[in-house]
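Worth saying up front: this structure is predicted, and the values here are computed from it rather than measured.
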Amino acid sequence: MIPLQLAALLMVGLAGTTVVLMRDPLRMTILNAVYALTLTILFLVFQAPDVALSMLVVGGIAYPIVLLAAIARVRSGGDE
Amino acid sequence: MSYLPYIVAAWLFVVGLYGIVTSRNLIHLAVCLTVTQSSTYVLLLAIGYKHRATAPIFYGVPVGSRAVDPVVQALTLTDVVVSVTVVALILALTVDIHRDAKTVDPDEIEAFRG
Amino acid sequence: MSWLLPLTVALPFTGAALGVALDHWLPEWVKQFPALVFSVATTVCAVLALAHSGSAPVHWFGGWQPKHGIAIGIAFVGEPLGAGMAALAGVLATAALLFSWHYMEEAPRLYRVLMLVFLGGMCGFALSGDLFNMFVFFEVMGVAAYALAGYHIEQLGPLQGALNFAITNSIGAYMILFGTALVYGETGALNLAQIGKTLAGHPPDALLVVAFTLILVGFLVKAAVVPFHLWLADAHAVAPAPVCVLYSGAMVELGLLGIARVYWTAFEAPFAMHAPDVRNVLLVVGIATALLGAVMAFLQRHLKRLLAYSTISHAGVMLAGVALLDHASLAGVANLVLSHGLLKGALFLAAGVLLREFHSIDELRLHGRGRELPLLGVLFGLAAFGLVGFPYVGTFLGHALIDDGGIELGHSWLPPLLMVASAVSAAAILRAGARIFLGWGPKHDPLLAPEPEEKPPEGRGSGPLMVVTVAALVTAGLVASVVPGLQDGTEHAAAHFMDRQAYVSHVLEGKPVDVLPDVPAVVHRATDASIAYGLGAAALTVLVTLFGLSGRRIPNVFEPPINVLKAAHSGIVGDYVMWLTVGTAVLGGVWILTLTRG
Amino acid sequence: MNRRARIAVFAVAAAGLAALLVASVVDLPAFGHYQGAYGNQLNREAVAERHTTNVVTATVFDYRGFDTLGEEFILFAAVVGVTLLLRRHKDSEDHQEVLRKADDDRVRSDAIRIVGLLAMPALFLLGLWLVAFGLVTPGGGFQGGVLLAGSLFVVFLAAGFRPYAHLTPAHWADSAEGSGAAAFTLLGLGPLLAGAAYLHNFLGSGVRGTLESGGSMTLLNWATAVEVTAAMVLLFSEFLESYVLPSVRPLQ
């Protein structure tokens, strides 16, 4: 368990918990992207470049687009 | 110390469930679902890891050298990409629910009782 | 003959993919046919695979045969119970597609594509011999089912039903993946036969118990067993009728097949010393599900929700059959799955016809209006009667074998409970049928929970084709108990299903399994006990139906528990996930205390 | 069941579940001491048998190719499901009419337009590279597909919705996704009809470390890339249309 792995693991645990505790959807989307980044680093440190690439691309492109579109649609459609 | 990755995976699983049960917004609930799912990725890849081993890519690396387990990576790799579309399906349901019920709070959706 | 097995998955998937790819180039009139053609072709392949399943052909994908005893590729094993389940799924999917000929007009193309993907996922799950591959097909079935449940997007009910369905089943799927990861960490294998071989001498430690619990809970969510069943009634009440046929007829039963397969191939050996503990826990859960499902079915006025709770009740009976851990009861479960799937499919389609004709699915609002459809009334009555378990009719063979298995193992208290459960749930259906088609009973019944009305589908559908489909399913379901040689065939198949050594050596070393003895084409005379329980069930059903129609209020001592039950089915996804967590913690806790001692 | 009672009961159950999970994971081999024979076997033989130096991609597309077929159809069904759920009512305006109305969000600032329209081809090439070299170095159809869809999305960010909608017509995305998925199943069906196993690698293994290593895996890789790209484009378009065009009347 090299120190880098330890750091990456703690970051993942922290980021995951923060994402869950953040109730506001917009801030949560940004935190989700940060969480995906910590996961990417963790997968790299676990010698899994393919999965890191997959998480990077998905966490960086797919999740933000889908989440932001859903939030905008819910916010603009409703009266809030 | 040598079980920390598995503990983090177990923690993420339960934290995700906590987020789902206490959620007040379906979009937040969908993201908590992905946190629960990501715990399985951390567990799978932590199981497949070996000390002082390279990635299972033998380009410029001699074939016999010590490498981590490729099978868990193959399982996780496709699962990560596919789970986006499943969460997108849940978000599509959320958008439709908001259009009909004007709310995204799971506790206030009054479709059916009992 | 192993080339048949991948076809049952490749054909529907290819049909779905081509359905989307060529949609803009196909003339309009052609579009009705491809889905049905692919579904029929898949069913033919599945039935042929069932016919050849005596020798349990193994198909290694990519041609990767096991090397040095290590399974490299993914295997499909065409053993009788799996192939039978795939064939039943094919038959029900074909009947559903035939029924919905012009029925689903809003988005027919997407509906047919998703039905084909659903069929492919079910066949793949039934035949797969690889733990992760089962998880993948579990998800394929799930995703197709979530989208189909939310088909009527103009109403809130379908959307919330689909959402609850999607979230609870997704969590179940993640639990299966977590359990699979634990098993892979311990055994280094994903092929079920190889896991079984590795775990043979393995002591039952905490990892195996928790992995077994997590995988089982994932399948129990799909099999709609208490306390994981809450999503099923919501999803059934809102999904289009032909889709409910697949939910109740095949998807729920596949959850039970998953439990049986994972237990007998991988987890039976390490828990062999504590088999009674596994049996008793699953028996209690099964009976609780059977009784709760029956009671809730009796409290419903929304016909599809009533049928959904009846399915939950039957899932409980089937789980009790599997839990008895002996081949007679397992054969009983196989027969019960066959006859119940056909009859329940017919009932859901009949509800679909009612919805199309009278734009309502509410038992009280349809009071007496069913007289205009006498033939449908007769079919509805026959199908409900088939579910009672009257000797030699419909689900009798399944109930008889499970009752005999229970008595043989000294659990003589089991058959009466199962009899009560199937009687009450059948009575609920007969009460609804009598009220709709014969106009008996009062127009108002405070006992029954009010439900939001359901918007009928847009398509007119072709009347005669719908009734023919219902008739075909009802006749097949009713005669299922008296098919010559079926009882012996299923008992041999069940015995093979449970034999781990033969399965491991057959899959990994290719040793031919001793082919099933040719079965005498004779219908055995049922045991006196099972006939007595069959007649008892029929009598009890008549009594409860008359009570239901009499409109008398239930004694108010039952009032509080019924309100608690209704409150538990709240429709809030947070409650469902909480019950899911509670169920997992209790199951895991009980098993970790009992299975790991000594 | 009121909310506070639910959370209280959940907290107890979650503590029990967490205890169970921890009790199970401590029986796993310690972190870093994994001994699985399956993975070692693949690490030793994949390069020799299929001349692909990326063993993970060899596992995804050949050794466990049938899993990938299942995963692809999860993706396929989910995107069809999203299209089903976000479909607008029949009588609302059809696609072209709606496009005309969505003219007001054209990107004004030239800086963004130029940088965006330059970035798009670069990202597209990077996506293609990721797919092509998937068999040799980390990458593959799945990751490359998402990046390709992302590069097309940059057109929306840099130029607005109408240019994006013209670049990604729903008809073509639908057909591309369908044909990508169909190609994968048919590539498996071919060897089956010729008597070999389903998804058998019928082409030669090619030259190690080059683009044409891995035989029919390359075809499966590109089929996956086409399907994932088309699926993601469809997904983004569905969500964009439901967001960009609030003018679409909510269903009665």
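Looking at every heavy atom in both residues, D:Phe239 comes nearest to A:Ala69 through CB-CB, 3.7 Å.
One distance of note links CG of D:Leu130 with CG of A:Leu53; it measures 5.5 Å at 0.5 Å rounding.
For a heavy-atom cut-off of 4.5 Å, chain A lies close to D:Pro138, D:Gly139, D:Gln143, D:Val146, D:Leu147, D:Gly150, D:Phe153 in residues 136-154 of chain D.
Looking only at heavy-atom pairs under 4.5 Å with chain D, the residue among A:Val58, A:Ile65, A:Ile61 that has the most is A:Ile65.
Heavy-atom contacts from other residues, nucleotides or ligands closer than 6.0 Å to CZ of A:Arg27 number 12 or fewer.
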